[in-house]
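We number each residue from 1, following the sequence as shown. Just so you know, these numbers use all the heavy atoms, side chains as well, and skip hydrogens, waters and symmetry mates.
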Amino acid sequence: MGAVARAGRALLLLGSAALVPTEGERPSDDDVALLVTPHGALHRVEHQRVRQRAFAEFVAKHGLAYHEGHPEHGMRRSLFEAWTQMVEQHNARTDANWRAGVNRFAAHTAEELAQLRGYVRGSERTEGTVSMPGAGRLSMLQVPSRPSRVEDLPAAFGWKGKLNATSSVLDQKGCGSCWAVSSVTALRAHSELFQRYRQFSIQQVLSCAPNPHKCGGSGGCGGATAEIAMDYAAKVGLLTEDELPYRGEDGECPSEVRMPEKDALDVDLAGTGASLVGYSAGAKPGMDTKSGLLGFHKLASNKIADLMLSIHNVGPAVVSIMADGGWSLYESGVYDGCVAGGVINHAVTLIGWGKDKKSGLKYWHLQNSWSSGWGEDGFIRIARQELDEEEANCGWDTDPLQGSGCEGGPSKVLTCGSCGILFDAVVPRFSESEHGWWAQHSGAAD
């Protein structure tokens, strides 16, 4: 019997003297449930059945184990129902600029969602620090054929779909490897831009990049930073995904690509806190001669012009983000749930910016690492303000050591931009080749 028919039959039964079935008529199980249910709870009974079916379909769709009888069934179903309620409440708002959705994280615990972020940036550093002494600012920021002032940049620009690395979104799975995935995404993109496309191994970075000072976490699935990932990649070189595929879990580093901890990225523990300072004295910059990877640049902290010029004139950047609040719920639109300050806890790849036609909101365009099933095919747009306002949109991250920063780091750091996007941006540096995307497109991005 359909829901409407059952509800109608219940109302007839409850509203008449014929509460006992007539001779020869046996009530169905549905009718029995409805007969003993108070009139005001009829909708709740049916709604409960709908939620049961919805959870069962969710479990089947995502291949989860939480079927009836599973020890976590009740807990996971409760989490799922709380999630769907938040989605319904948010989407019912008439002033919402983004839509929430039910995705594969809908039955995750708070701890599991935190593990997905699994990244917190290194501590505050001096502006313009690079991984190679004397390398200076990014060489392509001031190429004559490209804008040298942020005011001259186009109103909308993006790398999505222009490169292999920005056309398909990777999936970090249940590992807190966003630092490695976002770094390798940027490395693949810049390899294609300046050399040729190489599908570098994420698992190698995850398993092999040493993190003795616990910058951004304990290393591996426990978190690290983009600086650590790129420093390791430049010093040792990277295998391909075919040679060492991603498993979504910690693993043993192959002996041929191990790096001694003494060669890890230097950390100065003097003064007010830790500062990542580039290659150690004994390391050899540019060891990865096969791929053309030379090192990385840490862009000026909290400076919007440097970030936007770098994205347009050079390529995608790894940025650190505060990804709490509605990030996990995000499905589409321009996410405007960012607040000034808060703990930065996630790494993503910044690929561009634009303006939403429907809402009129300006946005940053980010490539996440939670698969194409999350957000807008794996991407998210977050609201940004005008140039000066975005740079002045600042707050204090007062808990940078909550699995963040380096041991001995500062007690608080100033972060600016939507979700703290301007605080820590890292860009790999490759030598230029005639086979790269830039050379093939005559040095023009638009």
Side-chain angles (χ1 to χ4, degrees), residues 90 93-99 121 124-128 137-138 141 146-160 298-314 316-327 330 332-368 375-376 379-398 400 412-427 445-446:
H90 173 81
R93 290 174 46 191
T94 57
D95 61 341
N97 291 309
W98 61 280
R99 283 190 60 80
R121 72 287 174 277
E124 191 169 18
R125 314 200 285 148
T126 56
E127 295 182 359
R137 293 169 66 87
L138 281 169
L141 288 179
R146 298 173 201 169
S148 59
R149 302 188 315 141
V150 69
E151 292 82 5
D152 297 328
L153 291 171
F157 174 77
W159 287 105
K160 182 181 179 182
K298 163 72 170 69
L299 300 183
S301 186
N302 296 328
K303 300 296 182 183
I304 192 171
D306 279 20
L307 181 57
M308 294 184 76
L309 285 168
S310 178
I311 296 298
H312 182 272
N313 293 351
V314 183
V318 181
V319 293
S320 54
I321 286 288
M322 180 185 67
D324 291 328
W327 262 70
Y330 176 80
S332 63
V334 178
Y335 179 74
D336 57 358
C338 294
V339 295
V343 176
I344 288 178
N345 53 16
H346 191 42
V348 293
T349 309
L350 175 59
I351 61 168
W353 61 83
K355 183 176 180 179
D356 184 60
K357 294 180 180 178
K358 181 179 179 180
S359 66
L361 290 175
K362 293 184 176 182
Y363 61 82
W364 297 106
H365 203 187
L366 303 169
Q367 182 171 339
N368 202 0
E376 295 179 325
F379 296 81
I380 182 174
R381 293 176 293 155
I382 66 171
R384 66 183 173 94
Q385 302 181 49
E386 298 292 342
L387 296 175
D388 292 341
E389 287 84 355
E390 183 75 346
E391 196 167 291
N393 180 24
C394 302
W396 289 98
D397 178 346
T398 57
K412 64 178 182 179
V413 292
L414 185 69
T415 64
C416 301
S418 298
C419 293
I421 194 171
L422 303 180
F423 176 69
D424 186 26
V426 179
V427 181
D446 300 317

Task: Partners meeting salt bridge (charged side-chain N to carboxylate O under 4.0 Å, His left out) with D388 (sequence neighbours left out) - done: none
Task: R99 and S332, any side-chain heavy atoms less than 4.5 Å apart - done: yes
TODO: Report the distance from atom CD1 of I344 to atom CZ of F423, rounding to the nearest 0.5 Å.
DONE: 6.0 Å
TODO: Using side-chain contact (heavy atoms from CB on, under 4.5 Å) as the criterion, point out the one residue from I380, L366, N97, L361 that pairs with Y335.
DONE: I380
TODO: Please lay out, stage by stage, how L422 and T415 fare under the test side chain to side chain contact (heavy atoms under 4.5 Å, CB included).
DONE: CA-CA 7 Å; L422 303 180; T415 64; over 6 Å; no
Task: Rounded distance [0.5 Å steps], CG in D336 versus CZ in R384 - done: 14.5 Å
Task: Between SG on residue C419 and CD1 on residue I321, distance to nearest 0.5 Å - done: 5.5 Å
Open item on the list: Could you report the tightest heavy-atom contact between W353 and P154, atom names first, then the distance?
Closed with: NE1-O, 3.0 Å
Task: Residue list, ring pair (Phe, Tyr, Trp, His ring centres under 6.0 Å) with Y330, at least two apart or on another chain - done: W374
- [ ] Please check if the distance between the ring centroids of W98 and H90 is under 6.0 Å.
- [x] yes
TODO: Would you name the heavy atoms of P316 and T349 that are closest together and state the gap between them?
DONE: CB-CG2, 3.8 Å
Open item on the list: Any heavy-atom pair between the side chains of V318 and D424 that's under 4.5 Å?
Closed with: no
Open item on the list: Minimum heavy-atom separation for A340 and C394, please, with both atom names.
Closed with: CB-O, 3.2 Å
Task: Side chains of I382 and Y363 in contact at under 4.5 Å (non-hydrogen atoms) - done: no
Task: Inter- and intrachain pairs under salt bridge (charged side-chain N to carboxylate O under 4.0 Å, His left out), touching residues 343-366, at least two apart - done: D356-R381, K362-E386
- [ ] Flag the pair C416 / N393 as yes when at least one side-chain heavy-atom distance between them is below 4.5 Å, and no otherwise.
- [x] no
- [ ] Would you indicate whether the side-chain heavy atoms of I304 and D306 approach each other to under 4.5 Å?
- [x] no
Task: For the student: nearest non-hydrogen atoms of A317 and L307, plus distance - done: CB-CD1, 4.4 Å
Open item on the list: Looking at every non-hydrogen atom in both residues, tell me the closest pair between Q367 and I351 and how far apart they are.
Closed with: OE1-CG2, 4.0 Å
Open item on the list: Between I311 and W159, is there a side-chain heavy-atom distance shorter than 4.5 Å?
Closed with: yes
TODO: Answer yes or no: is there a side-chain heavy-atom contact under 4.5 Å between W364 and L350?
DONE: yes
Task: Exam field: side chain N302 to backbone L414, donor-acceptor pair closer than 3.5 Å - done: yes
Open item on the list: Would you say that S320 contacts H346 through its side chain, given a criterion of any heavy-atom pair below 4.5 Å between the two side chains?
Closed with: no
Open item on the list: Test your reading of the model: is there a side-chain donor-acceptor pair from N313 to the backbone of P147, 3.5 Å cut-off?
Closed with: yes
- [ ] Apply side chain to side chain donor-acceptor pair (under 3.5 Å) to the pair S418 and E390, showing each step before the final yes or no.
- [x] CA-CA 7 Å; S418 298; E390 183 75 346; 3.1 Å; yes
Task: Least distance between heavy atoms, S148 atom then L309 atom - done: O-CD1, 3.7 Å
Open item on the list: So, taking the atom named CG in D324 and the one named CE in M322, what distance separates them when rounded to the nearest 0.5 Å?
Closed with: 6.5 Å
Task: Whether N345 side chain and A323 backbone form a donor-acceptor pair below 3.5 Å - done: yes
Open item on the list: Using only atom types and a distance under 3.5 Å, with no angle test, would you say the side chain of E376 pairs donor to acceptor with the backbone of G333?
Closed with: yes
